[in-house]
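Here's the structure we're looking at; comments come further down.
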Amino acid sequence: MDSIFFYRNSEKSNDSGKGALQKLKVAVQPNISVKGWPTEAGSAALADFKALEDAVVAERLSGQGANIVGSVKMSEFGFGLKGSQAGCALAEKSADAELMLDVAGEARLAAARAGVYGFKPSYGLISRIGLVGLIPSMETCGILAHNIKSIRDILQTIAGHDERDFSLPDEKMPDFSSQKIDPKKTTLGIIEEVLKDLPSGKRKVLEKELEDLKKAGFVIKELSFPDYSQFMLIHQIVGSVEASSCTGRYDSVRYGRRAPGAKNWNEMYLQSRGAAFGTLLKSYLFQGAFFQFERYNAYEDACRLRAQLVSEMQKLSAKADFLVFPTHNPAASGTVDSLADLYEQFVYTAFANVTGQPALHIPSTVDAGFQIAAKRLDDGRLLDLGDYLLSHRHGGKS
Amino acid sequence: MEFEAVIGLEIHVELNSATKLFCDCPNNPGDEPNINTCPVCLWFPGEVPRLSRAALEKAALLCLGFNAELQPRSAFDQKVYYYPDLPKGYQLSQAHLPLSRGGWIDIADEDGTPKRLRIHHIHMEEDVAKLVHEMEGRLPISLVDFNRAGAPLVEIVTEPDFRSPHHAMEFLKALRTQVRYVGSSECSMENGTMRVDANISIRPKGTNQMNTKVEVKNMNSIRHVGDAIAHEITRQSMAVTAGESVVLHTRLWDPDKKVTLPMRAKFEGPCVPDPMVPEIILTKQEIEDLRARLPEMPAVRAERFVQQYGFSAEEAIYLSSDPEVAAYFEAVIKDGVAPRTAMHWLTTQLIPAVKDRSQELAQIKVTPARFAALLKMLSNDEINANAAREVLAQLFDSDEPPEAIVSAKGFKQVSDRGALDEMIDKVLGEQAAAVADFKSGQGKAMGFLIGQVMQASGGKANPKIIRELLAKKLV
Ligand SMILES: [Zn+2]
């Protein structure tokens, strides 16, 4: 058994000999459709399901000469990282880059685990056609790679209008091309409420890193976001409600496995769906159904609060060009047995899924991980900062 | 105690756009089962709904036809429930931000006074699949036909302004006419392109109470809607008189027994905003452009027919109630036929003949131009009414011009005064008794003599000229 790959491409490699991604080996996850490949999204709900056509991202990657080498084992519907081998193909160099959905911060966390760069683009840049999602308003296609250049090349390839995806906002595509960062004209913000929750040892390492950047000329600003802890709550409520209706289609009527022996359609639904989903996902779907049917007002409040958080975050963006976060939560438990365990892992990443802004994990000596975020559609500038930090480190330390 | 009914209607209209609401599948639910499906309307993983602009425009025109206010911003929600006719566990519908608000339809009350019935809002939604229950040997099975899944619907929700079955029936007739006018749907309850639910409550006459309502479904004609409402008013009045209370529930109309029967409620949850279908934004300009596409609406056209052609209100309403009839009528007029002649022959001859042949006005060989040519021959006394009726029957099966049929059949009227003079003299010579009767003041003898001359001409003589000549000769 392959320990990392769920499916390996046995066909000959893409030798079209042209395109910006020539010779780049890209792994995907089996919730990103590649025509004819098993696309089970890590769930028994899609057992034996084969993609009917390429996802737009897969089609565009191939169009630019990339080799899609296979799909990597994933968590159920890409929610959390339980059972996921995301990033491992990069660590063992069987892929140069990997695409995976970032639902609550999975791409950034997987990158941190593998010691590579992990990027979550702005919401609305990448066509959803062929992406088997879970939380439509929060997730987007994340990119893992060994360097910023690959991330930028892939972003430039897969982002942009798609006439078949009407859900992409009707707005001008930003310029992703590389530009120089001038530290003296750049403000980095750190949120007080984020720092304060870090264990003091980890906090010192992060502060030391910021001190270094200050020496390099950056303006460092400590900012306050009193409602920061609300991001988790909003992600849980809105995310679970969306996940609950998004998985409604897995009913075994048109595809998927139908549990045998049901006496009527109601039993068929209960038994088939009961067998289709794992415990963790099931409890998430229950939670979503609970908010939808029993606590609708709380759900509505959460939607309002989400809009408020987005605008508060926009105000912070007026005070700093970029925000600095840790990536993973040192306090999170290693095993994920409950929704609480799962969410604990995403304390420092879920904000970007709630607001739709881009965020980038950068490999560093900071043991809680070093993550930077920009305002929505500033993806190009965020990657510029990533480039700068990389060269700065090489210049200063190695 | 005397009760009055408070009634509101919820009307689903299946739009006749070429494609479904969120994909490019043909919107033909009646085709071979599951032929009009694709990964989008079967909700395969990774598919994204794409709102059809054409369906949106059909819905918007329908709203404008009712003087409704199109909303600059409207959006789709998910109506969540689990049933095999719903391929993704929720129906896309506009629960919070409907396409239009307000609007009305004017009808005539029982005693003929005008009454305005208001519309609360109109929203769009997708239709669900059709379930067919069969037996496979002794095993009951359910088959799902997804041809209808994702077909575009609008739901028209009225204010509780209705007080009687008459109001509901007149409203539905006017609604059907108007929707056909804007071309958004056939609106046939018999074919299922219009489906009506009625919410009915009663209260002591003259009060403003809003009491518990009962929803009645499953009527498949406008007459049934009237019957079901009448039955429900009686049922509730008797229950309340007997001291029972009305509880909120849904009942089904049984057209055979002519009663409403309680049905088990379908579980339905609240609606959450859909994160995939973008909001519908309509600019002022877009709304004005749509309004400019509205045809002349039936009430306006009927009023114009009264003014322009001197018809009575009834004649004008009848003629304008079907856009095809009205258009046909105006095309005939344009070819130079007198309005009253055109109206008379269209309503008493052509339309019944079309119905007899189970055809559609738009498809028959009797085009407005051919019909007008026939009527002009009649008006010019080239043929008489009997001949015109016979030629009309021929026009349904023949491509020949009416003039050719008239000459081939020898229907041309004899208007040649010399020839008629001879015939009249001959008849007068033979019918001395009738001539004497006429001269002694018995007016009906004139009719007899005209008939004799007609007979002598083999039915081709022009009766007007016969009368004129006879009158001269008998002085
Ligand atoms: Zn379709």
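Just so you know, these numbers come straight off a predicted model, no measurement behind them. Hydrogens, waters and symmetry mates are skipped; everything else that's a heavy atom, side chains included, is used. The sequence lines fix the lettering, A, B, ..., with proteins before strands; numbering per chain opens at 1.
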> Within a radius of less than 6.0 Å around CD of A:E163, do more than 12 heavy atoms belonging to other residues, nucleotides or ligands occur?
Replying inline: no
> Which pair of non-hydrogen atoms, one from A:Y123 and one from B:P275, has the smallest distance, and what is that distance?
Replying inline: OH-O, 4.3 Å
> What residue, out of A:S137, A:G133, A:G130, has the most heavy-atom pairs lying under 4.5 Å from chain B?
Replying inline: A:G130
>> So A:F293 and B:P270, do their side chains get closer than 4.5 Å, heavy atoms only?
In response: yes
> Which atoms of B:P273 come close to chain A, meaning under 4.5 Å heavy atom to heavy atom: side chain ones, backbone ones, both, or neither?
Replying inline: both
>> Looking at B:F44, is its backbone amide N or carbonyl O close enough to the side chain of A:R249 to form a donor-acceptor pair, meaning the two atoms are under 3.5 Å apart?
In response: yes
>> At a heavy-atom distance under 4.5 Å, which candidate from B:G89, B:P278, B:P87 has the highest pair count against chain A?
In response: B:P87
> Which atom pair, heavy atoms only, marks the closest approach of B:W43 to A:R254?
Replying inline: O-NH1, 3.5 Å
>> Does A:K282, at its NZ atom, have more than 12 non-hydrogen atoms belonging to other residues, nucleotides or ligands within less than 6.0 Å?
In response: yes
> What option among B:P140, B:C271, B:P39 has the most heavy-atom pairs under 4.5 Å with chain A?
Replying inline: B:C271
>> Please check if the number of heavy atoms outside A:E300 that lie under 6.0 Å from its CD is greater than 12.
In response: yes
> Which atom names give the shortest non-hydrogen contact between B:L86 and A:D251, and what distance separates them?
Replying inline: O-OD2, 4.1 Å
>> Tell me every residue that passes ring pair (Phe, Tyr, Trp, His ring centres under 6.0 Å) with B:Y90, counting only those two or more places apart in sequence or in another chain.
In response: none
>> With a sphere of 6.0 Å drawn around CG of A:D170, does it hold more than 12 non-hydrogen atoms of other residues, nucleotides or ligands?
In response: no
>> Please give me the minimum heavy-atom distance between B:F146 and A:V253, naming the atom from each residue.
In response: CZ-CG1, 4.2 Å
> Contact part of A:S245 toward chain B, heavy-atom cut-off under 4.5 Å: side chain, backbone, both or neither?
Replying inline: both
> For A:Y296, what residues pass the ring pair (Phe, Tyr, Trp, His ring centres under 6.0 Å) criterion, not counting sequence neighbours?
Replying inline: A:Y299
>> Report, in residue-number order, which members of residues 41-52 of chain A are under 4.5 Å from chain B by heavy-atom distance.
In response: A:L46, A:F49, A:L52
> Between the side chain of B:Y82 and the main-chain N/O of A:Y269, is any donor-acceptor distance below 3.5 Å?
Replying inline: no
>> Run the ring pair (Phe, Tyr, Trp, His ring centres under 6.0 Å) test against A:F346 and tell me which residues pass, sequence neighbours left out.
In response: none
> Roughly how far apart are B:L51 CG and A:S167 OG, rounded to 0.5 Å?
Replying inline: 12.5 Å
> What part of B:V272 gets closer than 4.5 Å to chain A, counting heavy atoms only: side chain, backbone, both or neither?
Replying inline: both
> With no hydrogens and no angle check, is any side-chain donor or acceptor of B:R50 less than 3.5 Å from a backbone partner on A:F166?
Replying inline: no
>> side-chain contact (heavy atoms from CB on, under 4.5 Å), that's the test. Do B:E47 and A:E53 meet it? Break it down for me.
In response: CA-CA 10 Å; B:E47 295 296 339; A:E53 55 179 353; 3.6 Å; yes
> Which region of A:Q292, side chain (C-beta onward) or backbone (N, CA, C, O), has a non-hydrogen atom less than 4.5 Å from a non-hydrogen atom of chain B, or is it both or neither?
Replying inline: both
